[in-house]
Asker: 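Below you'll find the structure I mean.
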Amino acid sequence: NQDITSEDLARLEEQLGVNEPLPVKYGKWLGNVLHGDLGYSIYTHRPALEEIGDRLPNTLYLMGAAFIVTLLLALPLGLLAALKPYSIFDFITTTLAFAGQSIPIFWFGLLLIIIFHSTLTNPLTGGPLLPGAGMSTLGAPFSLQDRFGHLILPVTMLALFHAGQYMRFVRASMLDVIHLDYIRTARAKGLP
C-alpha cells in the first residue's frame with residue numbers, strides 16, 4: 001500500500017514480530033508448531049494445517065498407488081537380475097534402473113504430459129490420450145475408470161523413478177544371501 005504511514009508500518013512490524021531477534025522469533029514459531037499452529041497461508045488466508053489436511057488424502061492415495069506399482073516392478077526384476085548376474089537381462093535392467101534414477105523427476109513428468117496429454121490423441125474420443133492433471137474429471141460423476149486414467153501418468157513417473165532404487169537394492173541383497181553357506185548347503189542337499 002503506497003499510502004501507509006510510518007506509524008502504521010511500525011505497528012504492523014510490532015504486531016508481526018519482525019523487529020524481534022531471530023532466536024526469539026524461532027522460539028515463538030517452535031512453540032506454535034508444538035501446539036499445532038503452523039500459521040496461515042498467504043494465498044488463501046486459511047490455517048496451514050487445514051490446507052495440508054485438504055491435500056493429504058490425495059497425496060496418500062497417489063503415493064500408495066505408486067508404492068504398490070514400484071514393488072510390483074522392482075521385486076521381480078531385482079530377483080531375476082540377481083538369479084542371472086552379469087547376463088544380458090541384468091545389464092539391461094541395471095541400465096534402465098540407473099537411467100530411471102538419473103532422469104530428473106520433474107522433467108520426466110513434464111515429458112510424459114507433453115507426450116501422452118498434448119501430443120497423442122485418443123482414437124475413440126479425439127481428446128487427449130491421458131489426462132494431464134487432477135484426480136478426476138471436473139463435473140463428471142465418480143468412476144473408477146476415470147480415477148485410474150488420472151493416476152496413470154503420475155504413478156508411472158513415481159514408480160519408474162523409485163523402482164530403479166528398489167531393484168538395485170533387491171538385487172544386491174539377493175546376491176549377498178545367495179552365496180551364504182546355508183544356501184549352498186541347501187542346494188547340495190538337493191533343495192531348489
Asker: May I ask you to test the Val177-Tyr182 pair for a side-chain heavy-atom distance under 4.5 Å?
Answerer: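 They are in side-chain contact.
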Asker: I want to check something: taking the side chain as every heavy atom from C-beta on, are Leu158 and Thr70 in contact at a cut-off of under 4.5 Å?
Answerer: no
Asker: Working to the nearest 0.5 angstrom, can you tell me the gap between His150 NE2 and Asn58 CG?
Answerer: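 It comes to 11.5 Å.
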Asker: Once you round to the nearest 0.5 Å, how far does CG of Asp181 lie from CZ of Arg184?
Answerer: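 Reported value, rounded in 0.5 Å steps: 5.0 Å.
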Asker: If you take all heavy atoms of Gly149 and Pro131, which pair is closest and at what distance?
Answerer: O-CD, 3.4 Å
Asker: At what distance, to the nearest 0.5 angstrom, does CG of Leu12 lie from CG of Asn19?
Answerer: 10.5 Å
Asker: Where do Ile178 and Leu83 come nearest, in terms of heavy atoms and distance?
Answerer: CD1-CD2, 3.8 Å
Asker: So if you build clusters from Ile, Leu, Val, Met, Phe, Trp, Tyr with side-chain heavy-atom gaps below 4.5 Å, do Leu112 and Ile115 land together?
Answerer: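 Shared cluster, yes.
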Asker: Compare every heavy atom of Gln101 with every heavy atom of Gly164, then report the nearest pair and how far apart it is.
Answerer: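 Looking at all heavy atoms of both residues, the shortest contact is C-NE2, 3.8 Å.
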Asker: If we only count heavy atoms from C-beta on, is the Asp90 to Thr93 side-chain gap below 4.5 Å?
Answerer: yes
Asker: Within a radius of less than 6.0 Å around OH of Tyr26, do more than 12 heavy atoms belonging to other residues, nucleotides or ligands occur?
Answerer: no
Asker: Step by step, would you call Thr5 with Asp8 a side chain to side chain donor-acceptor pair (under 3.5 Å)?
Answerer: CA-CA 5 Å; Thr5 64; Asp8 289 337; 3.1 Å; yes
Asker: Can you tell if the side chain of Leu130 reaches within under 4.5 Å of the side chain of His117, non-hydrogen atoms only?
Answerer: no
Asker: To the nearest 0.5 Å, tell me how far Phe116 CZ sits from Leu111 CG.
Answerer: 8.5 Å
Asker: Would Phe106 and Phe108 show up in the same hydrophobic cluster when neighbours are defined by side-chain heavy atoms closer than 4.5 Å?
Answerer: yes
Asker: Same cluster or not: are Leu16 and Leu9 linked, directly or through other Ile, Leu, Val, Met, Phe, Trp or Tyr residues, by side-chain heavy atoms under 4.5 angstrom apart?
Answerer: no
Asker: Any link between Leu77 and Met174 through a network of hydrophobic side chains (Ile, Leu, Val, Met, Phe, Trp, Tyr) touching at under 4.5 Å?
Answerer: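 In one cluster: no.
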Asker: Walk me through it: do Arg11 and Glu7 pass the test salt bridge (charged side-chain N to carboxylate O under 4.0 Å, His left out)?
Answerer: CA-CA 6 Å; Arg11 184 180 44 79; Glu7 293 85 22; over 6 Å; no
Asker: Tell me if the CG atom of Leu56 is crowded by more than 12 foreign heavy atoms within 6.0 Å.
Answerer: yes
Asker: Between Lys25 and Glu20, does a salt bridge (charged side-chain N to carboxylate O under 4.0 Å, His left out) hold up when you go through it step by step?
Answerer: CA-CA 6 Å; Lys25 287 193 273 188; Glu20 295 176 348; over 6 Å; no
Asker: With a 4.5 Å cut-off on side-chain heavy atoms, are Leu73 and Tyr166 touching?
Answerer: no
Asker: Could you go through the side-chain contact (heavy atoms from CB on, under 4.5 Å) check for His35 and Asn32 one step at a time?
Answerer: CA-CA 5 Å; His35 286 96; Asn32 289 339; 5.7 Å; no
Asker: If you define the side chain from C-beta out and look only at heavy atoms, does anything of Phe98 sit under 4.5 Å from Arg168?
Answerer: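 Side chain of Phe98 against side chain of Arg168, heavy atoms only: contact under 4.5 Å found.
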Asker: Mind listing the closest non-hydrogen atom pair of Ala159 and Ala66 along with its distance?
Answerer: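 Scanning both residues, the minimum pair turns out to be CB-O, 4.0 Å.
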Asker: Write down the atom of Asp37, the atom of Gly39, and the distance for their closest heavy-atom approach.
Answerer: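 So the minimum-distance heavy-atom pair works out to OD1-N, 3.0 Å.
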Asker: Are there more than 12 heavy atoms of other residues, nucleotides or ligands under 6.0 Å from atom CZ of Phe89?
Answerer: yes
Asker: Side-chain heavy atoms nearer than 4.5 Å, only ILVMFWY residues, links allowed to pass through others: does that put Val155 and Phe161 together?
Answerer: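 In one cluster with Val155: Phe161, yes.
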Asker: Calculate, to the nearest 0.5 Å, the distance between atoms OG and CZ belonging to Ser143 and Arg147 respectively.
Answerer: 9.5 Å
Asker: To the closest 0.5 Å, what do you measure between CD1 (Ile114) and CG (Leu120)?
Answerer: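 Separation between the atoms: 12.0 Å.
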Asker: Ignoring hydrogens and geometry beyond distance, is a side-chain donor-acceptor pair present between Asp146 and Ser136 at under 3.5 Å?
Answerer: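 Checked: Asp146/Ser136 side chains show no N/O donor-acceptor pair below 3.5 Å.
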Asker: Is Ile88 atom CD1 crowded by more than 12 heavy atoms from other residues, nucleotides or ligands, each under 6.0 Å away?
Answerer: no
Asker: Return the minimal non-hydrogen interatomic distance between Tyr61 and Met135, and the atom names on each side.
Answerer: CD2-CE, 3.0 Å
Asker: Can you check side-chain contact (heavy atoms from CB on, under 4.5 Å) on Thr156 and Leu153, steps first, answer last?
Answerer: CA-CA 5 Å; Thr156 300; Leu153 288 181; 5.7 Å; no
Asker: State whether the number of non-hydrogen atoms from other residues, nucleotides or ligands found under 6.0 Å of Phe142 atom CZ is greater than 12.
Answerer: yes
Asker: Evaluate Asp54 against Arg46 for side-chain contact (heavy atoms from CB on, under 4.5 Å), listing each step before the verdict.
Answerer: CA-CA 11 Å; Asp54 289 346; Arg46 291 178 53 206; 2.8 Å; yes
Asker: Could you check whether any side-chain heavy atom of Leu151 comes within less than 4.5 Å of a side-chain heavy atom of Leu62, counting everything from C-beta outward?
Answerer: yes
Asker: Are any of the side-chain heavy atoms of Glu51 and Thr44 separated by less than 4.5 Å?
Answerer: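 Sidechains of Thr44 and Glu51: in contact.
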Asker: Quick check: are there more than 12 heavy atoms from other residues, nucleotides or ligands sitting under 6.0 Å from CD of Glu13?
Answerer: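 Counting neighbours around CD of Glu13, more than 12 heavy atoms of other residues, nucleotides or ligands fall under 6.0 Å, so yes.
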Asker: Between His162 and Phe67, does a side-chain contact (heavy atoms from CB on, under 4.5 Å) hold up when you go through it step by step?
Answerer: CA-CA 8 Å; His162 293 292; Phe67 185 68; over 6 Å; no
Asker: Using modelled atom types only, decide if a donor and an acceptor are shared between the side chain of Ser87 and the backbone of Lys84 within a distance under 3.5 Å.
Answerer: yes
